[in-house]
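Here is how names work: the chains are called A, B, and so on, in the same order as the sequence lines, proteins then strands, and each is numbered from 1.
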Amino acid sequence: MRIATWNVNSVKQRLDHLLSWLQERQPDIVCLQETKCVDEAFPREPIEAAGYNVAVHGQKTFNGVALLSRRPFDEVTPGLPGEPEDDHARFLEGVVSTEGGGAVRIACLYLPNGNPVGTEKYPYKLRWMDRLAAYAADRLALEEPFVMAGDYNVLPAARDVPNPDAWSSDALFLPQTRDKFAGLTALGFTDAIRAGSDAAGLYTFWDYQAGCWQKNMGLRIDHLLLSPQAADRLAAAGIDKHVRGWDKPSDHVPVWCDLALEAA
DNA sequence: ATGCCCCCGGTTCGGGGA
């Protein structure tokens with residue numbers, strides 16, 4: 001089973017890229033972030049025609065997440081628990097049955113950026129990370145294949161950014177941000193990309209500005225975190241960097257992993 | 001130190017992203 005995550009930066013602007021990439025990569029489950037449209041405006045039909053069930057949790061203008069799955073969803077639940085007044089569409093959980101009679105649980109997430117530090121945006125990010133850790137601990141107790149995938153807006157380590165000193169006071173790289181991410185993974189998750197390589201330069205995002213793509217000044221901020229029951233079945237993982245070179249691209253590229261769930 | 005570029009809503013500019 002191939003599971004992917006991609007911040008598309010507007011699903012309507014990126015529909016042709018999405019359909020091309022689905023055809024090329026053939027994922028079974030996809031987590032989308034920054035869909036930037038209300039549920040009624042989500043381009044369901046062309047995605048369903050490509051063979052996917054669609055679950056959406058959107059809002060006007062900003063944020064918005066969606067799950068695509070070749071197999072039907074057993075459950076879909078929008079929203080991260082813990083702060084009822086939080087109205088950002090940043091989280092969507094789904095459960096999909098596998099061929100072997102088991103199931104995989106997927107959380108699609110768009111973690112707050114947190115900049116500029118010094119405003120309410122950064123404590124909101126930190127609270128969101130605390131809420132995510134509480135949710136994750138609850139789900140890990142189920143001891144099932146479980147994947148939390150999305151745009152974490154976190155640089156886990158210095159090797160995930162070309163110039164870490166320049167990012168030392170940024171919300172994506174502050175020690176408190178990294179500590180919370182480390183605490184989350186320490187609950188028992190495996191970073192799918194890091195399971196296969198500790199290399200620097202495995203970026204998933206390149207800013208539109210300042211020629212970042214041309215200079216390969218990227219960031220690794222999109223992650224797939226695997227529960228032990230998922231990590232035991234990890235067969236491959238990758239970053240579809242070439243998608244950033246397409247015409248009018250998202251600033252993020254797809255990240256994916258293969259889990260041998262059918263064999264379980 | 002700030003903006004570069006891109007997207008949205010809604011109109012020709014401001015908010016947001018990272």
Side-chain angles (χ1 to χ4, degrees), chain A residues 5-18 21 31-43 56-66 86-91 108-129 132 149-178 180-181 193 200-223 239 241 243-255:
Chain A
T5 180
W6 190 9
N7 180 325
V8 290
N9 186 15
S10 169
V11 69
K12 288 191 278 187
Q13 285 293 322
R14 223 64 62 199
L15 182 59
D16 290 348
H17 282 201
L18 176 60
W21 173 77
C31 301
L32 300 177
Q33 302 87 36
E34 287 208 82
T35 53
K36 294 189 174 179
C37 68
V38 295
D39 294 352
E40 297 71 30
F42 194 95
V56 294
H57 177 45
Q59 66 184 109
K60 196 164 81 171
T61 311
F62 311 122
N63 306 319
V65 288
D86 181 4
D87 59 359
H88 290 200
R90 295 180 176 274
F91 186 91
C108 172
L109 64 97
Y110 176 44
L111 206 150
N113 175 295
N115 283 307
V117 175
T119 69
E120 175 55 29
K121 291 174 185 289
Y122 190 57
Y124 172 59
K125 177 181 190 145
L126 296 177
R127 290 198 308 278
W128 211 94
M129 295 182 82
L132 183 62
D151 177 357
Y152 283 74
N153 273 314
V154 173
L155 292 158
R159 63 192 169 177
D160 297 316
V161 52
N163 47 348
D165 289 346
W167 288 80
S168 58
S169 60
D170 190 280
L172 279 61
F173 194 57
L174 278 173
Q176 202 173 358
T177 304
R178 279 182 278 163
K180 284 204 185 290
F181 185 81
I193 291 296
L202 301 178
Y203 305 135
T204 66
F205 164 91
W206 294 259
D207 198 301
Y208 291 119
Q209 303 187 68
C212 285
W213 168 244
Q214 289 75 14
K215 291 185 279 192
N216 194 28
M217 299 283 280
L219 306 174
R220 193 178 76 94
I221 54 177
D222 300 271
H223 310 297
I239 301 169
K241 180 176 181 177
V243 173
R244 187 64 174 80
W246 291 355
D247 187 46
K248 298 186 185 304
S250 170
D251 39 6
H252 298 250
V253 297
V255 186

For a quick check of understanding: with a heavy-atom distance under 4.0 Å over all strands, which category does [X] fall into, base, sugar-phosphate or nothing?
{"X": "Asn63(A)", "value": "nothing"}
{"X": "Asp251(A)", "value": "nothing"}
{"X": "Lys121(A)", "value": "sugar-phosphate"}

For the C1' atoms, the ones on dA18(B) and on dG3(B), what distance do you get once it is rounded to whole angstrom?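 It comes out at 14 Å once rounded to the nearest Å.
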Taking only side-chain N and O atoms of Gln13(A), does any of them lie within less than 4.0 angstrom of OP1 or OP2 on dC8(B)?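 Checking Gln13(A) against dC8(B): at least one side-chain N or O falls below 4.0 Å of OP1 or OP2.
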Gap between atoms OH and P, on Tyr208(A) and dC6(B) respectively (whole Å):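 It works out to 7 Å between those atoms.
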Can you check the Asn7(A) CG to dA18(B) P distance for me, whole Å?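 So the CG-P distance, Asn7(A) to dA18(B), works out to 6 Å.
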Whether His223(A) side chain and Leu155(A) backbone form a donor-acceptor pair below 3.5 Å: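 No, His223(A) side chain to Leu155(A) backbone: no donor-acceptor pair under 3.5 Å.
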Would you say Tyr203(A)'s side chain and Met217(A)'s backbone share a donor-acceptor pair under 3.5 angstrom?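 No, Tyr203(A) side chain to Met217(A) backbone: no donor-acceptor pair under 3.5 Å.
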Measure from the side chain of Tyr110(A), starting at C-beta and using heavy atoms only, and say which of dA18(B), dG16(B), dC8(B) lies closest.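 Of all the options, the side chain of Tyr110(A) is nearest to dA18(B).
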Close side-chain approach of Leu172(A) and Lys125(A), heavy atoms under 4.5 Å: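 Side-chain contact under 4.5 Å: yes.
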Within the 6.0 Å centroid threshold, strictly below: Trp21(A) and Trp6(A):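 That pair passes the under 6.0 Å test.
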